[in-house]
Protein chains: 2
Amino acid sequence: MIPSQMLKGTLEGCILAVIGRKETYGYEISQQLEYYGFGKIAEGTIYPLLLRLEKNGLAEAVYRQSEVGPQRKYYRLTAAGEQELALFVRNYRALSRAVDNLLQETKGDAVYEPQDKETVAGK
Amino acid sequence: MIPSQMLKGTLEGCILAVIGRKETYGYEISQQLEYYGFGKIAEGTIYPLLLRLEKNGLAEAVYRQSEVGPQRKYYRLTAAGEQELALFVRNYRALSRAVDNLLQETKGDAVYEPQDKETVAGK
DNA sequence: GCAAACTACATTGCAATGCAAGATAGAACG
DNA sequence: CGTTCTATCTTGCATTGCAATGTAGTTTGC
């Protein structure tokens, strides 16, 4: 279920993308991420991340009443947030290409030629 | 060039993939990664990671002489390392699918209906 | 009314990991 | 000898996902 280390750096961008689509709040974001196949992302991950986005000026928030529970804190992207999102997409594509290049050759398992002889040495 | 946070968790798997293709050593791995589009990965990243792989039984190493410089420490995957690599590939694919799902809808910028009624959920 | 369940947000402290900076050392070349 | 390229390693730091925990409003059932 997607190891946490692999989410580092990616999750922030993904949450920017979620917010960028439509104004939304933490609890809903966590449901969205699950829907998209990220698995259950802990609340202890999401809320601090949202606060960080706000603190860094990438998102801004307003409280609104809910008819079904406590107040919700709705986030939307700032201009800086949209730039950051665009940057994330570029970076993610770059990583994705690199990994795909590599794994593609890994599949077949024998693309590189055999190398020179052994000259063993202790380890 | 690919922010460091985004490499977390992914880099280890990629290095497993590089080693899995053919026995190789740290310095060459760094050149391979650059060739594949990962950018320059610091040596302070690669060598500790290789030591960790060895310590965790995912790779094993032998020293060999080089004709052009100091000794090289060649790594190859253990059986456990190959399993770990296979696991990484599965996890990476899962993440990749999730992000692609999300970004795909982000592109057009207006895939979600302007709702405020529930009727919720994904498209 | 009261307990449970769901919604909703937040904080604390920890663990994993990429990286900068710096050290060490062999080989080749002018 | 000094510089450059090859090659490995260590220390300490910053970032960030997450478990654990706390708070609080709303709804439902007894």
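So that the names make sense, note that chain A is the first sequence line, chain B the second, and so on, each numbered from 1.
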Between B/P70 and B/S66, what is the shortest heavy-atom contact and its length? O-CB, 3.5 Å

Between B/E82 and B/R76, does the salt bridge (charged side-chain N to carboxylate O under 4.0 Å, His left out) criterion hold? Intermediate values first, please. CA-CA 10 Å; B/E82 286 181 31; B/R76 69 168 156 252; over 6 Å; no

Lys/Arg N to Asp/Glu carboxylate O, B/D100 vs B/R93, below 4.0 Å: no

Electrostatic pair B/K73-B/E54, nearest N-O below 4.0 angstrom: yes

Contact check, side chains of B/Y63 and B/Y25, non-hydrogen atoms, under 4.5 Å: no

Which part of the nucleic acid, if any, lies within contact of A/F38, taking any heavy atom under 4.0 Å across all strands shown: a base, the sugar-phosphate backbone alone, or nothing? nothing

Side-chain N or O of A/Y25 less than 4.0 angstrom from OP1 or OP2 on C/dC9? no

Could you tell me if the side chain of B/Y75 sits less than 4.5 Å from the side chain of B/L53, heavy atoms only? no

Give the rounded distance in Å between these two atoms: CD of A/E28 and P of C/dA8. 8 Å

Listing, residues 1-19 of chain A side-chain donor-acceptor contacts under 3.5 Å, not counting sequence neighbours, or none:
residue	atom	partner	partner atom	Å
A/E12	OE1	A/R52	NH2	2.1

5'-most to 3'-most nt of DNA chain D touching chain A (<4.0 Å, heavy-atom partner on protein side) reads D/dT16 to D/dT27

Under-4.0 Å salt bridge between B/R72 and B/E23: no

Check every strand shown and say whether A/L51 touches a base, only sugar-phosphate, or nothing at a heavy-atom separation below 4.0 Å. sugar-phosphate

For every nucleotide of nucleotides 16-30 of chain C, 5' to 3': is a protein heavy atom under 4.0 Å from its base (B), only from its sugar-phosphate (S), or from neither (-)? BBSBBB---BBSS--

What is the distance, rounded to the nearest whole Å, between atom CD of A/Q31 and atom C1' of C/dC9? 14 Å

